[in-house]
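To find a chain, count down the sequence lines: A is the first, B the second, and so on, and within it residues start at 1.
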2 protein chains.
Amino acid sequence: MASTTRQQAAADKRRQILDAAVRVFARQGFHQCRVSDIADEAGVAYGLVYHYFDSKEEVLDTLFLERWDVLLAMIAELDAREELSPREKLYRIASFIFDSYRHDPELMKVIIVEVTRAANSFGLTHLTKIQEAYQGIARIVERAQEEGQFHTGVSAEFAALAFYGAVEQVLTAWIFEVLPHGEEDFDRAKEFVVETVCSGLDVGRTD
Amino acid sequence: MASTTRQQAAADKRRQILDAAVRVFARQGFHQCRVSDIADEAGVAYGLVYHYFDSKEEVLDTLFLERWDVLLAMIAELDAREELSPREKLYRIASFIFDSYRHDPELMKVIIVEVTRAANSFGLTHLTKIQEAYQGIARIVERAQEEGQFHTGVSAEFAALAFYGAVEQVLTAWIFEVLPHGEEDFDRAKEFVVETVCSGLDVGRTD
DNA sequence: CGGGTGATTGACTGACCAGTCAATCCAATC
DNA sequence: GATTGGATTGACTGGTCAGTCAATCACCCG
């Protein structure tokens with residue numbers, strides 16, 4: 001177990017750097033911070049960051065993928081659950097995303113602001129990964145349309161984009177404090193987004 | 001009128017620089033391009049950019065505000081039009097934005113990618129302006145709720161965010177070619193976004 | 001014309017910072 | 001207690017660019 005201790009210590013240091021990076025990226029932004037800021041925040045020498053990562057970008061990269069892959073797995077799993085209504089599926093996706101923010105606002109801020117909404121070179125690197133999320137949502141909508149639970153007047157791709165766009169926009173509003181967000185707002189937001197996308201704003205629905 | 005000619009020439013040069021900046025920003029991105037790229041594209045000396053603008057950012061600034069102020073005026077004007085249904089009002093806002101893209105995709109790409117979705121220092125500078133758009137849309141929704149045309153189960157702010165988020169997401173998908181966009185897709189997009197937000201995806205509506 | 005004012009030029013400077021690297025440390029192993 | 005190799009250090013380098021500025025140009029007015 002001796003070597004395990006060594007490996008464990010190394011893995012801990014790596015994580016320590018990643019955690020520090022989240023705080024620094026959230027506070028200053030990816031482009032505005034220096035690698036030395038991350039090292040300082042982690043209480044580690046400058047060069048060590050380059051021992052564990054090839055570049056500054058790879059640090060952000062790692063943070064994004066760690067979390068995004070969980071989302072993708074979650075969407076895929078949801079798609080297969082025949083017993084759930086499409087509305088319930090969308091509700092769970094919205095829940096997952098909003099709860100991710102509730103649980104770790106700094107990490108979600110970094111992911112949304114520096115990757116998902118970042119149209120610069122970096123955002124493009126992960127375009128495929130981001131698209132996978134849209135496509136997963138679109139598949140859920142499509143299936144609901146085939147089964148007659150959603151009407152077919154709107155293409156599934158558009159619907160997925162609209163749903164995801166609404167979620168991200170609310171999150172962005174929270175991140176930049178354009179919209180207040182107390183503890184109860186998280187659950188309201190889930191309901192609201194799903195309600196809007198599924199039932200719309202018009203009066204005269206059954207619901 | 002001699003001095004007018006002089007002034008006119010100067011104004012033309014300024015515009016020439018702005019137009020070049022749109023192309024360069026759209027092609028390379030704000031942070032990725034150098035001021036010399038703008039000057040070269042405009043066929044003008046490096047220093048002249050600084051004769052007409054205080055900084056690289058002021059160039060982007062100017063491009064954004066020129067267009068965004070038109071949008072804000074349009075929303076405000078729409079809000080006052082008693083005879084239009086809320087659905088029609090939202091349709092016109094979506095139309096304005098999508099048509100702006102159709103008419104000048106490079107400019108809209110710059111505005112969306114480098115300002116509206118740019119959460120970095122620059123996006124924050126214009127947060128207030130961007131918020132004004134949300135608030136304008138929210139006012140339209142609110143008014144529709146008061147008059148019983150929209151149900152009150154969703155707060156007007158959330159609805160506005162969802163609507164704008166959906167529009168921006170579709171635009172972003174076009175910009176990054178995640179979604180194809182032939183000439184007929186513009187009109188489809190307007191319908192789809194408004195349909196989704198107003199009537200929702202559920203079956204069993206009157207419409 | 002001649003002087004003045006604003007337009008135009010582009011070389012240069014100063015600051016910044018990602019990534020490198022040679023040196024040092026230290027824990028595990030024999 | 002000597003050896004080895006990964007972990008750790010931080011000074012340094014090389015390249016990039018925004019913004020400055022002194023010089024030059026061209027139009028206009030008296």
Could you give the [atom1]-to-[atom2] distance, from [X] to [N], as a whole number of Å?
| X | N | atom1 | atom2 | answer |
| --- | --- | --- | --- | --- |
| Y52(B) | dG6(C) | OH | P | 12 Å |
| Q32(A) | dA18(C) | CD | C1' | 15 Å |
| Q16(A) | dA7(D) | CD | P | 14 Å |
| E57(B) | dC17(D) | CD | C1' | 15 Å |
| R14(B) | dG6(C) | CZ | P | 17 Å |
| D61(A) | dA18(C) | CG | P | 16 Å |
| E58(B) | dG19(D) | CD | P | 10 Å |
| H31(A) | dT16(D) | NE2 | P | 18 Å |

**Request:** With R27(B) as reference, evaluate K109(B), E41(B), E106(B), Q32(B) under the side chain to side chain contact (heavy atoms under 4.5 Å, CB included) test and give the passing residue.
**Result:**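 Output: one option passes, namely E41(B).
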**Prompt:** Of all the choices, dG19(C), dA18(D), dC17(C), which nucleotide is nearest to the side chain of R34(A) once you look at every atom?
**Reply:**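 Ranking dG19(C), dA18(D), dC17(C) by closest atom to the R34(A) side chain puts dC17(C) first.
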**Asked** Taking the side chain of H51(A) as heavy atoms from C-beta outward, which of dA18(D), dT8(D), dA18(C) is closest to it?
**Response**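 For H51(A), the side-chain atoms sit closest to dT8(D).
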For residues 166-176 of chain B, run the donor-acceptor check on the side chains, cut-off 3.5 Å, and write out each pair with its distance to 0.1 Å, sequence neighbours left out.
residue, atom, partner, partner atom, Å
E168(B), OE1, R117(A), NH2, 3.3
E168(B), OE2, Y164(B), OH, 2.7
Q169(B), NE2, Y134(A), OH, 2.7
T172(B), OG1, R117(B), NH1, 3.4
T172(B), OG1, E168(B), O, 2.6

**Asked** Hey, is the side chain of K13(A) poking within less than 4.0 Å of OP1 or OP2 on dT8(D), counting only N and O atoms?
**Response**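 Yes, such a contact exists.
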**Item:** dT8(D) phosphate, OP1 or OP2, under 4.0 Å from Y50(A) side-chain N/O
**Value:**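 No.
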**Message:** At 4.0 Å (heavy atoms only), tell me whether S36(A) reaches a base, stays on the sugar-phosphate, or touches nothing.
**Reply:**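 No contact.
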**Prompt:** Counting any heavy atom closer than 4.0 Å, what does F53(B) reach on the DNA or RNA strands: base, sugar-phosphate only, or nothing?
**Reply:**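 It contacts nothing in the nucleic acid.
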**Message:** What verdict does the side chain to side chain contact (heavy atoms under 4.5 Å, CB included) test give for L18(A) and T62(A), after you've listed the backbone C-alpha separation in whole Å, the side-chain angles of each residue and the deciding distance to 0.1 Å?
**Reply:** CA-CA 8 Å; L18(A) 285 170; T62(A) 304; 4.0 Å; yes
**Request:** Determine, for F30(B) and K56(B), whether the Lys NZ or Arg CZ falls below 6.0 Å from the six-membered ring centre while staying within 45 degrees of the axis.
**Result:**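 Judged by the rule, K56(B) and F30(B) form a cation-pi pair.
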**Asked** Is the NZ or CZ atom of K129(A) positioned over F64(A)'s six-membered ring, under 6.0 angstrom from the centre and within 45° of the axis?
**Response**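 Not flagged: K129(A) not positioned over aromatic ring of F64(A).
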Dump every N/O contact between nucleotides 10-12 of chain D and the protein below 3.5 Å, one line per pair.
residue, atom, partner, partner atom, Å
dG10(D), N7, G47(A), N, 3.2

**Qualifying salt bridge (charged side-chain N to carboxylate O under 4.0 Å, His left out) pairs, either residue in residues 153-162 of chain A, two or more places apart** =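 For residues 153-162 of chain A, and leaving out neighbouring residues, there are no salt bridge (charged side-chain N to carboxylate O under 4.0 Å, His left out) pairs at all.
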**Prompt:** What is the minimum heavy-atom distance between P86(A) and F150(A), and which atoms define it?
**Reply:**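 It is CB-CZ, 3.8 Å.
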